[in-house]
Amino acid sequence: MPDDWSTVSLGRDKALEREIQILRERYLEHSDQLEKLLATAPSENLAKEYQRLRDDITATITKLDELERGVGPVPRRAATMTPIVNRPDTERAATAPPGSLPAWSPGNSELRAAPSSYNTPATPAVSTGARLLLIGVAGVAVLFLLGFLMWKYLLGLPRGVDELPIGTAAEDTTTMEPDTPVETTPPAPPVLQAEPSSYDFGLVQKGTRKTNRFRLTNNGDSQLTINVARSECRCLWFDYPATIPAGGSISLTVTVDGARAERGSLREVARIASKSDPSAGATIEVSATIE
């Protein structure tokens, strides 16, 4: 029977240890939250309240530690079996102090059940359940006070911000209208346009010529009289009509003279300009390799 009683007591202590551990974890979470609120407290008075609550939680955790240190294996009843001394029972009862157990001597090897008069009276102690109840009530009070302080803090915020949780930024609730397509007009083509705007004649043997035709278009409303500037190398020849009617086009012939060009890479820009309209002009880039 004593072994079974001890097993039940150990199971009860394990359950109590788990309850204490759960309470400690909850208080530590509350302490961490108060530490964050303390770092962002809007006023000194509110910071002092947060610090006082943290101190109360720390004291409660200390009491839990003391309670946990007091929880351990429940000792078996020490008075279940008591030694029998060689003296008669009447002599033992006369010499032994009231409420005490008879002394044990090395010569006494026989044991018998202890009489009820030798049982030590149990020392009155505070119930463990009552202590847990007190700790729980203190925790509820701390949470209530914390909620009250947060409620006061939220009341002090500007209207429209108090609905937001602490630590979050107000989102922009402005509704964005869908982008409406913007009508863009395509840019007007240049008054004078050359096609193609560049051309590679490729390999041109020294002493030979190569020719290519380009189209010049007048996109304006009036006739243009054009002029093509001579090239810097003096190795390009141009053949074209002098005027381009409004909305019309002409053919410009460009010839690369390999006899006048120097050996190597050739790159020239032919510039076409209007004599009557200085804003109208075009360019043609010509390239070749002279050997």
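- Under the 3.5 Å distance criterion, the side-chain polar atoms of Thr208 are matched with a main-chain donor or acceptor of Gln205.
- When all heavy atoms of Ile244 and Gly248 are compared, the pair lying nearest together is CG2-O, 3.5 Å.
- Separation of atoms CG (Leu23) and CZ (Arg18) is listed at 13.5 Å; rounding is to 0.5 Å.
- Contact of the Ile284 side chain with the Leu252 side chain is registered, since non-hydrogen atoms from C-beta on lie closer than 4.5 Å.
- Put simply, Ile61 and Leu145 are part of the same group of oily side chains (I, L, V, M, F, W, Y) that touch within less than 4.5 Å, one to the next.
- Using a 30° and 60° split on the angle between ring planes, Phe148 and Phe144 fall in the parallel class, below 30°.
- Distance check: Arg271 CZ to Thr283 OG1 gives 7.5 Å after rounding to the nearest 0.5 Å.
- Hydrophobic clustering (side-chain heavy atoms under 4.5 Å, transitive across Ile, Leu, Val, Met, Phe, Trp, Tyr) keeps Leu64 apart from Leu143.
- Here the CG atom belonging to Leu16 is positioned 5.5 Å from the CG atom belonging to Leu132, to the nearest 0.5 angstrom.
- Of the possible donor and acceptor atoms, none in the side chain of Lys275 sits under 3.5 Å from a partner among the backbone N and O of Thr225.
- Residues Leu266 and Cys233 form a side-chain contact, since some pair of their non-hydrogen atoms from C-beta on lies under 4.5 Å apart.
- Considering all non-hydrogen atoms of both residues, Gly258 and Lys206 come closest at O-CD, 3.2 Å.
- Within a 6.0 Å radius of CD in Glu262, other residues, nucleotides and ligands contribute 12 heavy atoms or fewer.
- At distances below 3.5 Å, at least one donor-acceptor pair connects side-chain atoms of Asn218 with backbone N or O atoms of Ser222.
- Taking NZ of Lys210 as the start and CD1 of Ile290 as the end, the distance is 9.0 Å to the nearest 0.5 Å.
- Ser31 contributes no side-chain N or O that, together with a main-chain N or O of Tyr27, makes up a donor-acceptor pair within less than 3.5 Å.
- Ionic pairing of Glu285 and Arg267 is present here: one or more N-O contacts between side-chain nitrogen and carboxylate oxygen are shorter than 4.0 angstrom.
- Side chain of Asn219 to main chain of Pro190: a donor-acceptor pair is present (N/O by atom type, distance under 3.5 Å, no hydrogens or angles).
- At a threshold of 4.5 Å between non-hydrogen side-chain atoms, the residues Ile20 and Glu17 do not count as touching.
- With a 4.5 Å cut-off on side-chain heavy atoms, Leu236 and Val256 count as touching.
- Note that CG of Asp55 and NZ of Lys48 are 13.0 Å apart. Values are rounded to the nearest 0.5 Å.
- The two atoms that bring Arg213 and Ser251 nearest to each other are CD-OG, 3.7 Å, heavy atoms only.
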- request: Given side chain to side chain contact (heavy atoms under 4.5 Å, CB included), test Phe238 with Thr253 step by step and report yes or no.
  value: CA-CA 6 Å; Phe238 306 103; Thr253 302; over 6 Å; no

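- Contact check on Arg24 versus Asp65 returns a salt bridge, with a Lys/Arg side-chain nitrogen under 4.0 Å from an Asp/Glu carboxylate oxygen.
- Looking at Ile250 and Ile226, their side chains come closer than 4.5 Å, going by heavy atoms from C-beta outward.
- Leu203 places a side-chain heavy atom less than 4.5 Å from the side chain of Glu291.
- Atom SG of Cys235 and atom CZ of Arg209 lie 11.0 Å apart (nearest 0.5 Å).
- Through ILVMFWY side-chain contacts below 4.5 Å, Trp237 is grouped with nothing and stands alone.
- Heavy atoms only, all atoms of each residue included: Arg260 and Arg234 are closest at CD-O, 3.2 Å.
- Atom NZ of Lys36 is surrounded by 12 or fewer heavy atoms from other residues, nucleotides or ligands within 6.0 Å.
- A donor-acceptor contact under 3.5 angstrom links the side chains of Asp277 and Ser279, judged on distance only.
- With Tyr240 as the fixed residue, the side-chain contact (heavy atoms from CB on, under 4.5 Å) test singles out one of Val254, Ile272, Asn227: Asn227.
- No side-chain heavy atom of His30 sits under 4.5 Å from any side-chain heavy atom of Val142.
- The residue from Leu37, Leu38, Asp32 that alone fulfils the side-chain contact (heavy atoms from CB on, under 4.5 Å) condition with Glu35 is Asp32.
- Scanning both residues, Glu268 and Ser231, for their nearest heavy atoms gives OE1-CB, 3.8 Å.
- Between the side chains of Gln51 and Arg54, no donor-acceptor pair is found at a separation under 3.5 Å.
- Across every non-hydrogen atom of Ala246 and Gly220, the tightest pair is CB-O, 3.7 Å.
- Using a 4.5 Å cut-off on side-chain heavy atoms (C-beta onward), Val204 and Thr289 make no contact.
- Proximity of a side-chain donor or acceptor of Thr60 to a complementary backbone N or O of Asp56 within less than 3.5 Å is detected.
- Hydrophobic clustering places Tyr50 together with Leu28 (ILVMFWY residues linked when any side-chain heavy atoms are closer than 4.5 Å, directly or through intermediates).
- Criterion: ILVMFWY side-chain heavy atoms under 4.5 Å apart, direct or through other members. Under it, Tyr199 and Val269 are not part of a common hydrophobic cluster.
- In this structure, Glu25 places its CD atom where more than 12 heavy-atom neighbours from other residues, nucleotides or ligands lie under 6.0 Å away.
- In this structure, Arg52 pairs ionically with Glu49, as a charged nitrogen and a carboxylate oxygen lie closer than 4.0 Å.
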